Asker: 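Mind looking over this structure? Questions follow.
Keep in mind that the numbers below use all heavy atoms, side chains included, and drop hydrogens, waters and symmetry copies. Everything quoted here is computed from the prediction, not taken from an experiment. Convention: sequence-line order gives letters A, B, ...; per-chain numbering from 1.
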Amino acid sequence: MTYRTTFEKRPTLKDSLRRVGRGERVVREVEALKNVSFDLPRSRVLGIVGNNGAGKTTLVRAMSGILPPTEGRIEIRGRVSTLLALGVGFNTKLSGYENIMLGGLAVGYSRAEVEEKTDEIAEWTELGDFLDMPMTTYSSGMSARLAFAVAVHMEPDILIVDEALSTGDASFKAKAHEKMNSLLAEAHTMVLVSHALATVEELCTDAIWLEKGELKMYGPPGEVIEAYNASTGVDPAAVTTMQDF
Amino acid sequence: MAKAAIDVKTVADDDEFRGTFHVYEPYRAGLPRNFSGYLKELWRRREFMNEMTRANVRANQLDTLFGRLWNVINPLLMGLVYLLLVLILARGATIPNYFVYLLAGLFIFDVLETSMSQGAKSVTSAGKMVTNTAFPKALLPLSAVRGALAELWPSLIVLVVAALVFGVRPQLTWLLTIPILVLLTVFCAGLAMLVATMQVYFRDTRSFLPYFMRLWFFASPVLWAADQLPKSGDFLRYLNPMFDFVATWSDAIVYGEWPNPQVWLVMSGWALVALILGGYVFLSRERDFAVRI
């Protein structure tokens, strides 16, 4: 599995259809990513760090095939399962079980395949009776559990997780780490976007630091995070304590 | 990288959503590169479309007292409201079996109306699903059309009961409803994809749509009969795609009339034009949707 992201930018986040005055349109182009290029070999874990708006989410969306790049080329070898930006968010009026079905079918599984996995997913979430209730009754942590469970049980070769673990409680985080480690043991590849730098340092084998859409650094997580912290001027100790929240 | 090149060949028929080798290169506009692969994937994921339709129906009826009964209450109320309207205006009284005629027209036109209104919001309201998952997005407007058809079945039961009560006997021409519905579905699918795309770029679409649909409704032979059309309104026969759909449908159900064979050609033509236009617009823009939602 190789990611070859070469010279890619996205000037398409157009703040469009903001019609001002006499029906004029305001169109702004955002270059979310510029000249980002890297390879990620199989069964590695890539952590992506950077400030808000650095282009992390755009990068993983491009890698998942949701946004085609405006320039460059992305090669992905393997089936991708994505867990992007807080919750699968299918239909919150429906129950957890129904959302599992909808989520699985959306990714391209057949009804029978999803049914087969449903028990396993349900058990993993530990949500019990809540799975029969509409998702509007779920807390954000509970939705995160469900979304994570659906994503990891889809047997992806590559799992892409975008800040999806931040709302979970301690036991969920521990469980999520354990699940990710077992996926790793089966030679899966993972991409992790996170502001929890300790998590990145602990789980990842490689790290990328994005700043304003540009690839600032690619290397071992320890070094990248150190450089990133130095640039933000934030005391790493303060960051570590913040992660407990 | 030499090995990579070999791999590409062996998995060349992999499509863009499934499979294990993906290459994403710039292409915002234009039809999917692997068109037959796209269609295959669309077909393969029809289960998702069905589930999506069911989910939307369930979600809409979740907090209602009558729940699924609304499937029957809705068409009945709709018929009564228009019956009242027309009785007051006293125009339709000359049409034989007016109530049955009215119901037949209302129900088929409602398929179009629901397809359009649900289709228009199908992509924009899918929100996170579009920004978080790579899948053929044409499933969204198609699922809206499927929902419109699902709503039709209970209405048809109401229609059959009303027909029997008011003395319209079942006849062979009732079978014509099947090919008419098939063609109408194709027509609606095309238009649903068209309005769904328009809604993504131009959010005012949904606000204009009800008025447009009202106009279209009055221009179709639902409240009035096709042969009541004055000479000056003759252009509607040619310019309104729904004219033949509604007229053929109602005549077949209420009066047992076999349509003029060329009507089939006209309906097929409209259906095909709508499908090609809507399909082209939607498929060539869908990869741009994620940044606009």
Asker: Identify the two heavy atoms, one from B/A134 and one from A/S64, that lie closest to each other, and give their separation to 0.1 Å.
Answerer: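 Reported closest heavy-atom pair: CB-O, 3.5 Å.
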Asker: Could you state the interatomic distance from CG (A/L94) to CG (B/N56), rounded to the nearest 0.5 Å?
Answerer: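 If I round to the nearest 0.5 Å, the distance is 8.0 Å.
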Asker: When rounded to the nearest 0.5 angstrom, what is the spacing between CG in A/L105 and CZ in B/R46?
Answerer: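 So the CG of A/L105 and the CZ of B/R46 are separated by 11.5 Å.
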Asker: By the salt bridge (charged side-chain N to carboxylate O under 4.0 Å, His left out) test, which pairs, at least two apart or in different chains, include something from residues 112-121 of chain B?
Answerer: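 Salt bridge (charged side-chain N to carboxylate O under 4.0 Å, His left out) check on residues 112-121 of chain B returns B/E113-B/R214.
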Asker: So, using side-chain contact (heavy atoms from CB on, under 4.5 Å) as the criterion, who are the partners of B/L272 when residues are at least two apart?
Answerer: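 Testing B/L272 for side-chain contact (heavy atoms from CB on, under 4.5 Å), a comparison that skips the adjacent residues, returns B/I276.
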Asker: In Å, rounded to the nearest 0.5 Å, how long is the span from CE of A/M101 to CD of B/E51?
Answerer: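 Rounded to the nearest 0.5 Å, the CE-CD separation comes to 6.0 Å.
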Asker: How about A/Y218: does its OH atom have over 12 heavy atoms from other parts shown lying under 6.0 Å from it?
Answerer: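 More than 12 within 6.0 Å, yes.
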Asker: Check this for me: B/F218, atom CZ, are more than 12 non-hydrogen atoms of other residues, nucleotides or ligands nearer than 6.0 Å?
Answerer: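 It does: B/F218 CZ has more than 12 such atoms within range.
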Asker: Return the minimal non-hydrogen interatomic distance between B/A55 and A/L102, and the atom names on each side.
Answerer: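 Between these two residues, the closest heavy atoms are CB-CD2, 4.2 Å.
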Asker: Do NZ/NE/NH1/NH2 and the carboxylate oxygens of B/R54 and A/E98 come within less than 4.0 Å?
Answerer: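 Salt bridge between B/R54 and A/E98, a charged N being under 4.0 Å from a carboxylate O: no.
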Asker: Any idea which heavy atoms bring B/V130 and A/I66 closest together, and the distance?
Answerer: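 That would be O-CG2, 3.5 Å.
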